[in-house]
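Note that these values count all heavy atoms, side chains included, but never hydrogens, waters or copies made by symmetry. All residue numbers refer to positions in the sequence shown, counting from 1.
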Amino acid sequence: MANTNVNNVDEKVANMDSEKKDQVLQDFEEFKGYLSDKVSKGQKLGLGEEQLAKAAEKVAGYLAEHEEPRNSEEKLLQELWKVGDKDQQHALAHMLVRLVD
């Protein structure tokens with residue numbers, strides 16, 4: 001079940017209502033709150049930090065490729081994501097999970 005949740009992340013982000021997506025991405029504190037809610041739900045489903053980081057990695061990858069940053073914090077995250085290799089991106093995903101946990 002946990003792998004299914006992680007594998008559906010791309011689809012869920014892509015299918016998010018554009019108004020909701022704009023609201024979440026407009027303000028970094030709103031984004032952190034949204035991510036915190038998703039991390040909390042994942043923990044309640046029994047996902048560990050590694051699984052949560054993999055899900056965060058998928059979200060970050062999607063956002064870096066498909067969304068323009070809407071504030072300076074998102075711009076910094078996108079820049080870090082793009083210059084990082086796979087291991088660095090994975091470490092950044094872990095840090096994002098810890099940031100909101």
Between [X] and [Y], which heavy-atom pair has the shortest distance, and what is it?
| X | Y | answer |
| --- | --- | --- |
| Glu30 | Val24 | CG-CA, 3.7 Å |
| Gln89 | Glu57 | O-CG, 4.4 Å |
| Val97 | Ala56 | CG2-CB, 3.9 Å |
| Ala53 | Ala93 | O-CB, 3.3 Å |
| Leu92 | Trp81 | CD2-CE3, 3.9 Å |
| Leu63 | Leu25 | CD2-CD1, 4.1 Å |

Going through the checks in order, is the side-chain contact (heavy atoms from CB on, under 4.5 Å) test met by Lys41 and Asp37? CA-CA 6 Å; Lys41 286 179 181 175; Asp37 179 59; 3.3 Å; yes
Would you call Arg70 and Asp22 a salt bridge, using N to O less than 4.0 angstrom? yes
Salt bridge present between Glu29 and Lys32 (N-O < 4.0 angstrom): yes
About how many Å separate CG of Leu47 and OG of Ser40, when rounded to the nearest 0.5 Å? 11.0 Å
Can you label the angle between the His94 ring and the His90 ring as parallel, tilted or perpendicular, going by 30° and 60°? perpendicular
Is there a donor-acceptor pair under 3.5 Å between the side chain of Gln88 and the backbone N or O of Asp85? yes
Glu67 versus Gln78: any side-chain heavy-atom pair under 4.5 Å? no
Before giving the answer on side-chain contact (heavy atoms from CB on, under 4.5 Å), spell out for Leu77 and Leu96 the whole-Å C-alpha distance, their side-chain angles and the decisive distance to 0.1 Å. CA-CA 10 Å; Leu77 287 172; Leu96 286 169; 4.2 Å; yes
